[in-house]
Amino acid sequence: QVQLEESGGGLAQTGGSLRLSCAASGLTFSRNTMGWFRQAPGKEREFVAAVRWSDSSTYYVDSVKGRFTISRDNAKNMVHLQMNSLKSEDTAVYYCAAGKALFGLRVSQKYDYWGQGTQVTVSS
């Protein structure tokens, strides 16, 4: 049984930082691309970042480039999302996702497993 459990969400001030973590179990973590998506109230779920399993290449949505960093720890079966210079528009529920895809990583349908999500709220 695959489980993805996010942690690290919470309340941050504009310009502040948060670090999200996702602990994975029940899958061969090193052979899964890991992604982060987010969904704000009244909006569709959107891609945030991904790290590919084959070569650890990273991908980001334009709005977070230079502010967010995704990383993976294959020894601990964990993926992290370091979020700096937070803005109010980063407020959303953040979801961890896993899948075997090597391409098209910005598309949610490429991921097979999803966590329950963790709330991130950025206020001024």
Side-chain angles (χ1 to χ4, degrees):
Q1 178 182 353
V2 176
Q3 287 190 319
L4 301 177
E5 185 171 356
E6 302 97 338
S7 61
L11 179 65
Q13 290 189 327
T14 302
S17 298
L18 285 174
R19 186 184 192 223
L20 304 185
S21 296
C22 173
S25 61
L27 76 170
T28 306
F29 183 82
S30 62
R31 300 297 290 264
N32 273 264
T33 289
M34 300 302 296
W36 287 95
F37 288 73
R38 66 186 179 186
Q39 187 166 18
K43 295 189 176 181
E44 293 186 353
R45 189 173 298 189
E46 69 164 348
F47 169 78
V48 177
V51 53
R52 193 162 58 186
W53 66 264
S54 58
D55 59 1
S56 294
S57 294
T58 56
Y59 304 86
Y60 299 92
V61 67
D62 285 348
S63 60
V64 309
K65 284 181 181 177
R67 300 189 298 122
F68 290 11
T69 302
I70 188 171
S71 61
R72 64 186 300 152
D73 185 341
N74 287 345
K76 295 183 178 179
N77 287 7
M78 295 194 71
V79 63
H80 306 284
L81 185 68
Q82 178 66 43
M83 306 187 296
N84 299 328
S85 302
L86 284 164
K87 304 176 179 180
S88 57
E89 51 262 45
D90 295 320
T91 295
V93 177
Y94 283 71
Y95 297 90
C96 174
K100 291 185 169 58
L102 294 175
F103 303 100
L105 305 183
R106 301 170 190 272
V107 178
S108 61
Q109 289 87 343
K110 292 290 188 177
Y111 297 83
D112 303 308
Y113 307 105
W114 293 82
Q116 294 297 308
T118 185
Q119 176 70 47
V120 170
T121 303
V122 183
S123 69
S124 55

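Quick note: residue numbers are just sequence positions, from 1.
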Distance-minimising heavy-atom pair for H80 and S21
ND1-OG, 2.8 Å

Nearest atoms (heavy-atom pairs only) where A40 meets A92
N-CB, 3.8 Å

Using the rule that Ile, Leu, Val, Met, Phe, Trp and Tyr join whenever any side-chain heavy atoms are under 4.5 Å apart, tell me whether Y94 and V107 fall into a single cluster.
no

For residues Y113 and W53: do they belong to one hydrophobic cluster (side chain heavy atoms under 4.5 Å, members Ile, Leu, Val, Met, Phe, Trp, Tyr)?
no

Any donor and acceptor pair, going by atom type alone, linking the side chain of E6 with main-chain N or O of G117 inside 3.5 Å?
yes

Quick check: do N32 and K100 have side-chain heavy atoms less than 4.5 Å from each other?
yes

If you define the side chain from C-beta out and look only at heavy atoms, does anything of F29 sit under 4.5 Å from K76?
no

T33 side chain vs A101 backbone, donor-acceptor pair below 3.5 Å
yes

Heavy-atom side-chain proximity of Q3 to Q1 below 4.5 angstrom
yes

CD (E89) with more than 12 external heavy atoms under 6.0 Å
yes

Can you establish whether the number of heavy atoms outside Q119 located under 6.0 Å from its atom CD is more than 12?
yes

Under the 6.0 Å and 45° cation-pi test, does R52 pair with F103?
yes

With a sphere of 6.0 Å drawn around CD of Q13, does it hold more than 12 non-hydrogen atoms of other residues, nucleotides or ligands?
no

T91 (side chain) donor-acceptor with V122 (main chain) under 3.5 angstrom:
yes

Measuring only between side-chain heavy atoms, which start at C-beta, is K110 closer than 4.5 Å to F47?
no

On a heavy-atom basis, which atom in A98 and which in L27 lie closest, and how many Å separate them?
CB-CD1, 3.8 Å

For the student: nearest non-hydrogen atoms of R38 and E46, plus distance:
NE-OE2, 2.6 Å

Take atom NZ of K43 as the centre, draw a 6.0 Å sphere, and report whether it contains more than 12 heavy atoms from other residues, nucleotides or ligands.
no

Separation of S30 OG from D73 CG (nearest 0.5 Å):
11.5 Å

Looking at every heavy atom in both V120 and G9, which two are closest together, and how far apart are they?
CG2-CA, 4.2 Å

Calculate, to the nearest 0.5 Å, the distance between atoms CE and CZ belonging to M83 and R19 respectively.
11.5 Å

Might you work through the salt bridge (charged side-chain N to carboxylate O under 4.0 Å, His left out) test for D90 and K87, ending with a clear yes or no?
CA-CA 5 Å; D90 295 320; K87 304 176 179 180; over 6 Å; no

Just by distance, do the side chain of R67 and the backbone of S85 share a donor-acceptor pair under 3.5 Å?
yes

Between S71 and Q82, is any pair of side-chain heavy atoms under 4.5 Å apart?
no

Does the ring center of Y111 lie less than 6.0 Å from the ring center of F37?
yes

Between A49 and L81, which heavy-atom pair has the shortest distance, and what is it?
CB-CD1, 4.1 Å

If we only count heavy atoms from C-beta on, is the W36 to C96 side-chain gap below 4.5 Å?
yes

Are L4 and M34 close enough, and set up right, to give a side-chain contact (heavy atoms from CB on, under 4.5 Å), and what steps lead you there?
CA-CA 10 Å; L4 301 177; M34 300 302 296; 4.2 Å; yes

Do L86 and F68 come close enough that some side-chain heavy atom pair is under 4.5 Å?
yes

Are M78 and L18 connected, step by step, through hydrophobic side chains (Ile, Leu, Val, Met, Phe, Trp, Tyr) whose heavy atoms are closer than 4.5 Å?
no

Any sub-3.5 Å donor-acceptor pair from Y60's side-chain atoms to I70's backbone N or O?
yes

